[in-house]
Asker: 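Below is the structure I would like to discuss, written out as structure tokens.
Residue numbering restarts at 1 for every chain, and letters A, B, ... go by the order of the sequence lines.
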Amino acid sequence: MEMQKTYNPKDFEDRLYSEWMEKNYFRAEADPSKIPFTIVIPPPNITGQLHLGHALDNTIIDALIRFKRMQGYSALYLPGCDHASIATEVKIVEEMKKEGLTKKDVGREGFLKRAWAWKEKYGGRIVEQMKKMGVSCDWSRLAFTMDENCSRAVREVFVNLYEKGLIYRGDRIINWCPGCKTALSDAEVEYSEDASYFWHLKYPVKDSDECIVVATTRPETMLGDTAVAVNPKDKRYEHMVGKTLVLPLVGREIPVIADEYVDMEFGSGAVKITPAHDPNDFEVGLRHDLPVIRVMNDDGSMNENAGEAYKGLDRFAAREKIVEDLKACGALVKIEPHAHNVGHCYRCKSTVEPIVSKQWFVKMAPLAKPAIDAVARNKIKFTPERFSKIYFNWMEGIKDWCISRQLWWGHRIPVWYCQNCGEMIVSKTDPSECPHCGSRDLKQDEDVLDTWFSSALWPFSTLGYPEKTEDYAYFYPTDVLSCGYDIIFFWVARMIFSGIEHTGKVPFRDVLLHGIVRDEQGRKMSKSLGNGIDPLEVIDEYGADSLRFSLITGVAPGNDSRYSRGKVESARNFMNKIWNASRFVLMNAEGVKIPPMGDIKLASADKWIISRLESCIKEVTLNMGKFELGIAAGALYDFLWSDFCDWYIELCKSSLYGEDQAKKAATLSVLCFVLENALKLLHPFVPFITEEIYRNIPGTKGSIMVSDFPRYNSKLSYKKEAKAFEPVMDVIKCVRNMKTSVNCPPSKKVKLYIAAQNKRILSANSGAIAKLAGASEIEFIESAAALSEKTLSQVTETCTVFVPLGELVDIDKERDRLTKELERVVGEISRADGKLHNRGFVDKAPKNLVDAERAKLEKFIEMKEKIEKQLKNL
RNA sequence: GGGGACGUAGCUCAGUUGGUUAGAGCGCAUGCUUGACAUGCAUGAGGUCAUAGGUUCGAGCCCUACCGCCCCCACCA
């Protein structure tokens with residue numbers, strides 16, 4: 001094969017992906033002879049296109065899946081999308097607005113038609129993007145939260161929960177988004193501190209000169225006040241309890257009540273109670289049987305209960321007018337600046353209003369308990385572990401989950417109301433008549449379910465639940481759930497309690513959380529900042545492998561990371577390095593009959609690289625198991641670039657360019673062996689380049705995707721041999737160093753004298769040393785005494801290397817260098833000596849460490865003597 | 001109010017159960033058209049591991065305190 005001089009991913013990425021698809025490699029079978037390994041995708045919203053967060057999701061998951069697949073598991077990466085009820089609906093409404101249309105104009109049916117068209121368009125686009133990333137999803141199982149299976153699961157679950165009494169309908173205070181005109185769950189509200197005010201209002205006591213001062217951050221809600229509460233222990237207000245106040249502007253008479261909820265220390269110690277518009281007030285209202293007066297419409301405007309003066313005004317306009325009016329009638333005591341946490345809709349950012357409303361809820365306490373236990377008893381493990389604490393924290397304080405949404409796009413609530421007798425029918429299938437009165441006049445609940453209600457079922461609804469399908473039996477429970485830590489509450493926690501409740505099993509054993517991909521300056525990527533990065537553009541410029549590698553290297557689980565072009569470039573450079581190293585091997589291998597590794601006698605350098613390879617295999621495998629993908633990728637980077645390219649390939653050149661054909665063939669055998677294994681280790685991270693090269697390595701068959709992942713082989717670990725080889729590299733480094741220190745160009749050939757205890761390994765590699773160090777000749781001597789000419793010299797752990805001084809050398813410079821080196825060695829000696837004179841260390845530290853320290857000390861003392869001799873010689 | 005991180009080279013970050021002389025990438029300096037690669041090669045400079053104590057034979061790592069920065073949750077009207 002003809003390989004291009006530089007790595008060009010466009011030449012092969014798309015081609016290889018199509019081939020993988022054609023050959024059906026992504027397909028996971030329920031094969032009883034294999035062990036299943038399943039990961040379901042965190043389904044991207046169909047609202048738009050993928051961003052770098054999705055790219056990270058996919059890279060991590062695909063790396064795990066490919067790794068397991070190569071290890072022989074039946075590895076299923078189940079892809080799909082989320083209908084994203086509210087988010088998508090917001091988008092479609094925006095889109096319609098451009099055409100001058102509203103939801104009302106097109107009607108429910110027309111709206112849903114648009115929504116499905118949207119899904120086709122954007123869902124399809126997301127699939128294409130994922131393919132560009134190289135992910136090995138089983139596309140035959142592509143799922144969607146609103147497809148038939150998932151919808152059936154939603155109904156099954158809803159009805160089961162309802163029948164168990166875990167779903168109920170009731171009037172409660174919920175978070176209302178006036179922008180989206182729907183209820184939200186607690187999790188869907190984002191709080192941010194806004195500069196606001198405290199308005200202190202004076203409510204007069206009926207038929208008296210007395211009054212009570214209350215403070216509020218939302219003065220417009222005073223129109224719905226139905227009491228003022230004080231603490232029962234509060235002496236200041238003891239006499240007021242039970243009295244009647246006259247609500248300013250409204251004229252309604254409201255009682256003064258006593259309730260523990262009121263904090264005597266805070267403000268005036270008296271609180272206006274608006275049960276319809278505040279969660280705490282609602283509770284107080286229940287305790288005291290207060291009327292609930294809602295003064296706001298669904299769109300945030302004031303309703304008829306607000307009175308003629310304010311009816312129809314937007315809440316913020318009403319606020320201003322009310323403050324004006326209160327001022328005018330003398331009820332406004334003062335205005336105080338106040339930083340206040342205000343809730344905003346996580347989709348449209350409107351200020352959320354707590355409003356009393358009839359909604360559907362999931363009773364959380366009974367579901368939370370087993371979900372907490374599962375993590376506490378290690379049936380589910382969070383990586384990093386610290387997130388389990390966050391999870392506990394949330395689960396333990398959880399409130400009932402408001403699941404109904406006043407939207408059209410989503411799973412319609414499977415509840416029907418008989419228009420004849422008022423019977424409520426909760427059913428898995430559409431009922432045709434009322435079981436109570438037989439009437440056929442049934443009307444389905446208008447609302448849809450929280451989008452997260454269906455995502456919570458994702459690990460099993462996508463596998464066939466509630467049917468007992470083959471897939472469900474084989475692939476469920478899934479193995480790893482990987483996503484960003486930002487959706488622990490929305491998604492992970494809810495999958496856990498749903499899985500346990502509906503399938504009787506935890507939905508996955510491991511939760512692997514990653515951080516947020518930020519921009520170069522560490523800011524979150526967002527539309528408003530315009531700092532988002534389109535993965536496709538990055539892929540277009542650098543290739544999918546470079547993007548994948550850059551996202552995964554140098555990143556620890558759960559930690560945020562920063563995206564930068566520089567990182568992708570450096571990943572791309574690494575790809576280029578792999579490409580060229582492979583090109584080198586393949587070019588040299590051309591036309592050569594390569595013997596199997598078993599048939600050749602390994603040279604010392606060969607054993608060294610094989611040893612390095614084996615420890616790399618060990619490290620990669622171990623770290624993949626611990627989900628430390630960054631460490632695994634880093635180990636591969638070092639192995640390939642430093643060990644393989646910078647050292648081994650360079651060491652090989654003397655035999656590759658030499659006359660000995662058998663030696664050349666043997667070297668190529670090792671080169672191919674190491675390259676092949678390195679590519680396999682890399683494949684989970686960078687699937688395309690590894691596949692493209694793998695096929696051209698002599699002796700390989702088929703696709704790397706379905707090859708066996710390397711296994712650590714202790715017979716090939718060659719620990720001793722690898723250690724024995726190090727002096728060769730030390731000598732080379734020494735000579736290079738000496739040359740640089742005297743500004744001698746590396747290409748200048750010099751004669752070397754080496755005094756070594758064990759010269760066998762060095763002489764066996766003298767060709768390589770000569771080539772890599774730039775030596776013209778190598779002579780072994782007993783000691784410096786044997787030298788008649790003046791030399792430059794450097795001491796390594798095992799030998800001393802001398803280079804004739806010649807006229808190149810700057811003696812002062814050399815003296816400085818030696819003096820510095822001497823200082824360092826003396827420092828080491830005193831450190832080691834101190835350690836060894838420390839009884840505690842000698843007695844308590846492990847023996848091998850103590851011995852190592854002794855050996856080190858000896859070595860340093862020896863080095864010191866040699867350096868001193870050299871200094872004298874100068 | 002409660003909880004969780006982070007602070008290591010100029011920048012971005014690794015550092016696995018405490019144990020060789022604390023690492024990498026980028027940047028910087030110097031020198032190299034060394035028959036795979038300038039998307040490269042070689043060599044080097046650069047760190048009181050935020051600060052102060054403590055535990056230990058031994059601390060970047062464990063404990064305490066403190067400073068700085070960030071995030072999450074809750075929310076007192």
Side-chain angles (χ1 to χ4, degrees), chain A residues 3 5-7 186 191 198 214-218 221 229 261-263 265-274 278-281 340-341 343 384 386-387 389-390 392-394 397 485-486 488-489 515-516 520 522 542 546 553-556 558-562 564 566-567 569-588 619 622-623 626 628 630-631 634 637-638 645-646 649-650 653 657 733 736-741 743-747 771-772 774 824-825 827-828 831-832 835 838-846 848-850 852-853 855-856 860:
Chain A
M3 282 180 82
K5 191 174 169 183
T6 49
Y7 159 71
D186 295 344
Y191 290 89
F198 250 147
V214 295
T216 179
T217 52
R218 294 184 298 152
T221 62
Y261 153 71
V262 180
D263 179 355
E265 310 298 319
F266 190 83
S268 65
V271 187
K272 65 189 264 314
I273 301 296
T274 323
D278 182 279
N280 293 310
D281 293 6
H340 180 58
N341 259 346
R386 65 172 183 271
F387 286 105
K389 233 183 220 172
I390 292 171
F392 289 138
N393 220 313
W394 190 75
Y485 62 70
D486 52 334
I488 294 177
F489 304 142
I516 292 166
E520 215 146 339
Y542 296 100
S546 299
T553 28
V555 178
N559 284 9
D560 289 355
S561 57
R562 296 189 192 194
S564 75
K567 280 183 188 168
E569 263 166 24
S570 112
R572 189 269 322 264
N573 293 352
F574 181 48
M575 296 306 113
N576 188 57
K577 191 71 183 174
I578 298 168
W579 184 261
N580 274 292
S582 306
R583 192 161 70 98
F584 174 83
V585 173
L586 298 180
M587 269 165 41
N588 280 285
E619 204 179 344
L622 192 79
N623 282 297
K626 292 196 287 189
E628 288 281 3
I631 295 177
Y637 183 96
D638 289 342
C645 292
D646 292 345
I649 284 184
E650 295 304 324
K653 283 180 179 171
Y657 300 148
K733 281 190 222 169
R736 286 171 173 169
N737 192 295
M738 280 189 273
K739 281 185 175 177
T740 304
S741 73
N743 285 329
C744 169
S747 51
K771 183 143 183 53
L772 269 63
R824 188 184 71 90
V825 171
E828 286 304 324
R831 189 196 52 77
K835 223 170 173 179
N838 179 339
R839 285 296 289 269
F841 176 72
V842 179
D843 294 346
K844 292 186 188 172
N848 59 323
L849 283 174
V850 179
E853 207 57 41
K856 230 187 297 173
F860 283 127

Asker: Check whether any side-chain N or O of A:His340 sits under 4.0 Å from OP1 or OP2 of B:C75, and answer yes or no.
Answerer: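 Checking B:C75 against A:His340, no side-chain N or O comes under 4.0 Å of OP1 or OP2.
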Asker: Report yes or no: is the ring centroid of A:Tyr657 under 5.5 Å from the six-membered base ring centroid of B:G35, with the two planes under 30 degrees?
Answerer: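 Yes, A:Tyr657 stacks on the base of B:G35, since the ring centres sit under 5.5 Å apart and the planes are within 30°.
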Asker: Closest approach of A:Glu650 and A:Leu772, non-hydrogen atoms and distance?
Answerer: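 In terms of heavy atoms, the two residues are closest at O-CD1, 3.3 Å.
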Asker: So that I can compare with my own list, what are the stems of RNA chain B, taken as at least three consecutive Watson-Crick or G-U pairs with distances under 3.5 Å?
Answerer: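 Stem list for RNA chain B: B:1-4 with B:70-73, B:10-13 with B:23-26, B:28-32 with B:40-44, B:51-54 with B:62-65.
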Asker: Quickly work out the A:Met587 CE to B:G35 P distance and round it to whole Å.
Answerer: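 The answer, rounded to whole Å, is 12 Å.
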Asker: Looking across every strand, which nucleic acid part, if any, lies under 4.0 Å from A:Thr274 by heavy atom: base, sugar-phosphate, or nothing?
Answerer: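 A:Thr274: no heavy atom of the nucleic acid under 4.0 Å.
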Asker: Please give me the minimum heavy-atom distance between A:Phe387 and A:Gly558, naming the atom from each residue.
Answerer: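 Nearest heavy atoms, A:Phe387 then A:Gly558: CE1-CA, 4.0 Å.
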Asker: Please state the C1' separation for the pair B:C73 and B:U39 - nearest whole angstrom.
Answerer: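 It comes out at 46 Å once rounded to the nearest Å.
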Asker: For nucleotides 3-9 of chain B, tabulate all protein N/O to nucleotide N/O atom pairs closer than 3.5 Å, reporting atom names and distance.
Answerer:
residue, atom, partner, partner atom, Å
B:G4, OP1, A:Lys389, NZ, 3.0

Asker: Taking atom P in both B:G7 and B:G54, what distance in whole Å separates the two?
Answerer: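 So the two P atoms sit 24 Å from each other.
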Asker: It should be established whether A:Arg562 places a side-chain nitrogen or oxygen under 4.0 Å from OP1 or OP2 of nucleotide B:C13.
Answerer: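 For B:C13, OP1/OP2 do have a side-chain N/O of A:Arg562 under 4.0 Å.
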Asker: Whole angstrom is fine here: how far is it from NZ in A:Lys653 over to P in B:C41?
Answerer: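 After rounding, the reported distance stands at 10 Å.
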Asker: With a 4.0 Å cut-off on heavy atoms, is A:Gly634 in touch with a base, just the backbone sugar-phosphate, or nothing at all?
Answerer: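 No contact at all - A:Gly634 keeps every heavy atom at 4.0 Å or more from the nucleic acid.
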Asker: Could you check A:Thr221, A:Asp278, A:Asp281 and say which one makes a side-chain contact (heavy atoms from CB on, under 4.5 Å) with A:Ile273?
Answerer: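 Single side-chain contact (heavy atoms from CB on, under 4.5 Å) partner of A:Ile273 among A:Thr221, A:Asp278, A:Asp281: A:Asp281.
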Asker: Nearest whole angstrom, please: distance from the C1' of B:A38 to the NZ of A:Lys577.
Answerer: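 Rounded to the whole Å, the gap is 11 Å.
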Asker: Enumerate the protein-to-nucleotides 58-62 of chain B contacts in which both atoms are nitrogen or oxygen and the separation is below 3.5 Å.
Answerer:
none

Asker: Looking at A:Asn737, I'd like to know whether one of its side-chain N or O atoms comes within less than 4.0 Å of OP1 or OP2 on B:G44.
Answerer: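 So the side-chain polar atoms of A:Asn737 do come within 4.0 Å of the phosphate oxygens OP1 or OP2 of B:G44, strictly under.
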Asker: Rounded off to whole Å, could you give me the CG-to-C1' distance for the A:Asp281 and B:C75 pair?
Answerer: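 Computing the A:Asp281:CG to B:C75:C1' distance gives 13 Å.
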Asker: Nearest-Å distance, CG (A:Asn341) to P (B:G2)?
Answerer: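 Taking atom P of B:G2 as the reference, CG of A:Asn341 is at 16 Å.
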Asker: How is A:Arg824 classified with respect to the nucleic acid when contacts are heavy atoms under 4.0 Å: base, sugar-phosphate, or nothing?
Answerer: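 Counting heavy atoms under 4.0 Å across all strands, the contact made by A:Arg824 includes a base.
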Asker: Is any N or O donor-acceptor pair between the side chain of A:Glu650 and the base of B:A42 shorter than 3.5 Å?
Answerer: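 Not at all, since no donor on one side and acceptor on the other fall under 3.5 Å apart.
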Asker: Applying side chain to side chain donor-acceptor pair (under 3.5 Å), can you list everything that pairs with A:Asn580, at least two apart in sequence or on another chain?
Answerer: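 Scan of A:Asn580 (side chain to side chain donor-acceptor pair (under 3.5 Å), adjacent residues dropped) gives A:Asn576, A:Arg583.
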Asker: Nearest-Å distance, NZ (A:Lys771) to P (B:U34)?
Answerer: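 Rounding to the nearest Å, NZ of A:Lys771 and P of B:U34 are 11 Å apart.
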Asker: Using only atom types and a distance under 3.5 Å, with no angle test, would you say the side chain of A:Asn623 pairs donor to acceptor with the backbone of A:Glu619?
Answerer: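 A pair under 3.5 Å: yes.
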Asker: Just checking A:Asn623: base, sugar-phosphate only, or nothing, at a heavy-atom cut-off of under 4.0 Å?
Answerer: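 Result for A:Asn623 = base.
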Asker: Does a side-chain N or O from A:Lys5 land closer than 4.0 Å to OP1 or OP2 of B:A38, or not?
Answerer: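 Answer is yes, contact under 4.0 Å.
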Asker: Taking all non-hydrogen atoms of both residues, which atom of A:Gly515 and which atom of A:Asp560 are closest, and how far apart?
Answerer: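 Looking at all heavy atoms of both residues, the shortest contact is CA-OD1, 3.4 Å.
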Asker: Select base, sugar-phosphate, or nothing to describe what A:Leu772 touches, counting heavy atoms under 4.0 Å on all strands.
Answerer: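 No contact.
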Asker: Grab the N/O contacts between the protein and nucleotides 23-33 of chain B below 3.5 Å, and write none if there aren't any.
Answerer:
residue, atom, partner, partner atom, Å
B:G25, O2', A:Ser570, OG, 3.3

Asker: Have A:Tyr657 and A:Asn588 got a donor and an acceptor in their side chains that come within less than 3.5 Å?
Answerer: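 No.
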Asker: Could you measure between the two C1' atoms, the one in B:U30 and the one in B:G46, and give it in whole Å?
Answerer: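 B:U30 and B:G46 have their C1' atoms separated by 15 Å.
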Asker: Reckon A:Phe574 touches a base, only the sugar-phosphate, or nothing at all at heavy-atom distances under 4.0 Å?
Answerer: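 Nothing, no nucleic acid heavy atom in range.
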Asker: For B:C41 and B:A36, measure between their C1' atoms and round to the nearest Å.
Answerer: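 Taking atom C1' in both B:C41 and B:A36, they lie 12 Å apart.
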Asker: Is A:Ala581 touching bases, backbone alone, or none of the nucleic acid, heavy atoms closer than 4.0 Å?
Answerer: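 The answer is base, as A:Ala581 lies within the cut-off (heavy atoms under 4.0 Å) of a base atom.
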Asker: What is the distance, rounded to the nearest whole Å, between atom CZ of A:Arg218 and atom C1' of B:A77?
Answerer: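 Value for this atom pair: 9 Å.
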Asker: Using the test side chain to side chain donor-acceptor pair (under 3.5 Å), find all partners of A:Ser582 that sit at least two apart in sequence or belong to another chain.
Answerer: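 Not a single residue meets the side chain to side chain donor-acceptor pair (under 3.5 Å) criterion with A:Ser582.
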Asker: Strictly distance-based, threshold 3.5 Å: is any side-chain N or O of A:Lys577 a donor or acceptor partner for the main-chain N or O of A:Tyr637?
Answerer: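 Such a contact is absent between A:Lys577 side chain and A:Tyr637 backbone.
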Asker: Once you apply a heavy-atom cut-off of 4.0 Å, does A:Phe392 come out as touching a base, just sugar-phosphate, or nothing?
Answerer: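 Nothing, no nucleic acid heavy atom in range.
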Asker: Please report the closest heavy-atom contact between A:Lys739 and A:Pro746, naming both atoms and the distance.
Answerer: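 Looking at all heavy atoms of both residues, the closest pair is NZ-O, 3.1 Å.
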Asker: Can you tell me how far P of B:G35 sits from CG of A:Asn580, to the nearest Å?
Answerer: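 In whole Å, B:G35 P lies 14 Å from A:Asn580 CG.
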